[in-house]
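Read through the structure below, which is laid out as structure tokens, and then see the notes.
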Amino acid sequence: MQFLIIQSVSSLNLTNEYLSHKCLNQGKYNSGSEYENNLNSIFHDFSTSDYAETGFLDASLGKTTADSVTLTLQCRGDSYRSNCRTCVDTAISGRCPSNKGGIIWYDQCLLYITTIKEKSPFKINYENIFSMHNPNNVREDAKLFAMRVRDFFSELTLKVKKITNNGLLNFYSAGEKKLGKNKLYAMVQCIELTRDCKSCLAWSITKLFKNNDIKQGGRVLGTNCNVRYELYPFLRS
């Protein structure tokens, strides 16, 4: 299992900051190839689709292994319409050039392109996961703080459900909670086609505190789910 530790995080809450990317070892494609045509066809369909209303899309095109393209995108639960579309457009322009497969994470969206068409619902992918931590240490009882964060994540996980937005669905829960003089802000989210959303979230939450190095904020992101907590607001109300 790969688990990358990135010891930095932006303190600005509503940016569309680039977070990370991974170019997959699935080969390259040539200009004018059938693969490129299929990829461009999916991108073109984005311009007329309503994915930005729900923040989720999964699309595939291609008849053979060599030209097959599957694209999955997920916008953050509070990023819909123009915010979602802007993030996805940025991710498309920043994807791995000429690579058939790649993943790119931004603050408000995930774009995952692969040659492998996975059956729905998706199994949890434990390989393409990374974490980020707020550089600031917890000033008070770190173990007690971590316990309260875990408890709040558990509350949010129980609330994860299919939220209807114009008749379409998403898995997302967020909230805030008073912790002494501070407020804790947190969110949990799964992509719509994840087989076991709550197991994915539980695994990610455990990884946040794996080394007992408790920080004032942190997140774990992957291709199936993501979790985040901070002591400042980072979501749209």
Side-chain angles (χ1 to χ4, degrees), residues 1-22 74-79 87 103-110 124-161 170-191 194 196-237:
M1 295 183 184
Q2 294 180 351
F3 196 73
L4 312 180
I5 304 297
I6 303 173
Q7 299 291 342
S8 66
V9 66
S10 172
S11 61
L12 191 60
N13 54 357
L14 292 180
T15 64
N16 186 34
E17 181 186 9
Y18 162 82
L19 302 178
S20 185
H21 77 278
K22 183 176 183 179
Q74 177 74 68
C75 287
R76 198 173 67 188
D78 65 326
S79 297
C87 184
I103 312 167
I104 188 165
W105 290 268
Y106 278 82
D107 209 27
Q108 298 185 38
C109 68
L110 154 76
I124 300 173
N125 183 338
Y126 292 106
E127 294 185 359
N128 300 312
I129 293 175
F130 72 101
S131 73
M132 303 177 71
H133 289 85
N134 188 308
N136 298 316
N137 292 319
V138 175
R139 297 176 182 175
E140 300 174 355
D141 187 329
K143 289 185 177 180
L144 178 61
F145 176 82
M147 182 183 72
R148 290 179 175 176
V149 173
R150 288 192 189 97
D151 288 345
F152 190 39
F153 272 135
S154 295
E155 291 177 26
L156 294 178
T157 299
L158 290 174
K159 296 177 182 178
V160 167
K161 57 184 178 180
N170 196 7
F171 291 88
Y172 169 73
S173 180
E176 60 185 67
K177 191 170 189 175
K178 190 75 173 176
L179 288 185
K181 297 180 180 179
N182 297 310
K183 262 191 178 181
L184 174 66
Y185 302 85
M187 62 154 283
V188 296
Q189 183 174 17
C190 295
I191 68 167
T194 295
D196 191 341
C197 175
K198 291 183 179 180
S199 290
C200 184
L201 295 174
W203 189 90
S204 298
I205 292 164
T206 298
K207 290 300 178 184
L208 264 178
F209 305 103
K210 182 179 180 181
N211 299 318
N212 292 320
D213 185 19
I214 312 304
K215 301 294 185 180
Q216 291 184 16
R219 63 174 101 177
V220 175
L221 302 99
T223 57
N224 296 99
C225 69
N226 69 90
V227 301
R228 184 180 181 185
Y229 76 94
E230 299 288 352
L231 293 181
Y232 59 83
F234 59 90
L235 298 169
R236 295 176 180 84
S237 58

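We find the CG-CH2 distance between Leu208 and Trp203 to be 10.5 Å, quoted to the nearest 0.5 Å. Interatomic distance, CD1 of Ile129 versus NZ of Lys207, reported as 8.5 Å (0.5 Å rounding). If you take CD1 on Ile205 and CZ on Phe152, they are separated by 11.0 Å, rounding to the nearest 0.5 Å. The CZ atom of Phe145 sits 8.5 Å away from atom CD1 of Ile214, with the distance rounded to the nearest 0.5 Å. In this structure, CE on Met132 lies 8.0 Å from CZ on Arg228, to the nearest 0.5 angstrom. A distance of 10.0 Å separates CD of Glu176 from CG of Leu235, quoted to the nearest 0.5 Å.
Taking all atoms of both residues into account, the shortest heavy-atom contact from Asn137 to Asp213 is OD1-OD1, 4.2 Å. Residues Lys22 and Asn128 share a closest heavy-atom pair of NZ-OD1, 2.7 Å. Nearest heavy atoms, Gln216 versus Val138: N-CG2, 4.1 Å. When all heavy atoms of Gln108 and Asn16 are compared, the pair lying nearest together is N-OD1, 3.4 Å. Between Ser79 and Arg236, the closest heavy-atom pair is OG-NH1, 3.1 Å. Between Val160 and Cys197 the shortest heavy-atom distance is CG1-SG, 3.8 Å.
No hydrogens or angles considered: nothing links the side chains of Asn136 and Lys215 as a donor-acceptor pair under 3.5 Å.
In this structure the side chain of Glu230 reaches within 4.5 angstrom of the side chain of Asn134, judged on heavy atoms. Counting heavy atoms from C-beta outward, Gln74 and Asn226 have side chains that stay 4.5 Å or more apart. Contact check for Leu221 versus Phe130: side-chain heavy atoms found under the 4.5 Å cut-off. Side-chain atoms of Leu201 and Phe153, non-hydrogen and from C-beta on, never get closer than 4.5 Å to each other.
In this structure a side-chain-to-backbone donor-acceptor pair under 3.5 Å is present from Thr194 to Asn224.
Partners of Tyr229 according to the ring-ring contact (aromatic ring centres under 6.0 Å, His included) rule, which considers only residues two or more places apart in sequence or in another chain, are Phe209.
No salt bridge links Lys143 with Asp141; every basic N to acidic carboxylate O contact stays at or beyond 4.0 Å.
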Check against disulfide bond (SG atoms under 2.5 Å apart), Cys87 and Cys75: CA-CA 8 Å; Cys87 184; Cys75 287; 5.6 Å; no
From CA spacing to verdict: side chain to side chain contact (heavy atoms under 4.5 Å, CB included), Leu231, Leu184: CA-CA 5 Å; Leu231 293 181; Leu184 174 66; 4.3 Å; yes
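SG atoms of Cys200 and Cys225 are separated by less than 2.5 angstrom, consistent with a disulfide link.
Screening residues 144-157 for side-chain hydrogen bond (donor to acceptor under 3.5 Å, both in side chains) gives Glu155-Lys177 as the qualifying pairs, with residues at least two apart or on separate chains.
In this pair, Tyr18 and His21 present their aromatic rings tilted. The plane angle is within the 30 to 60° band.
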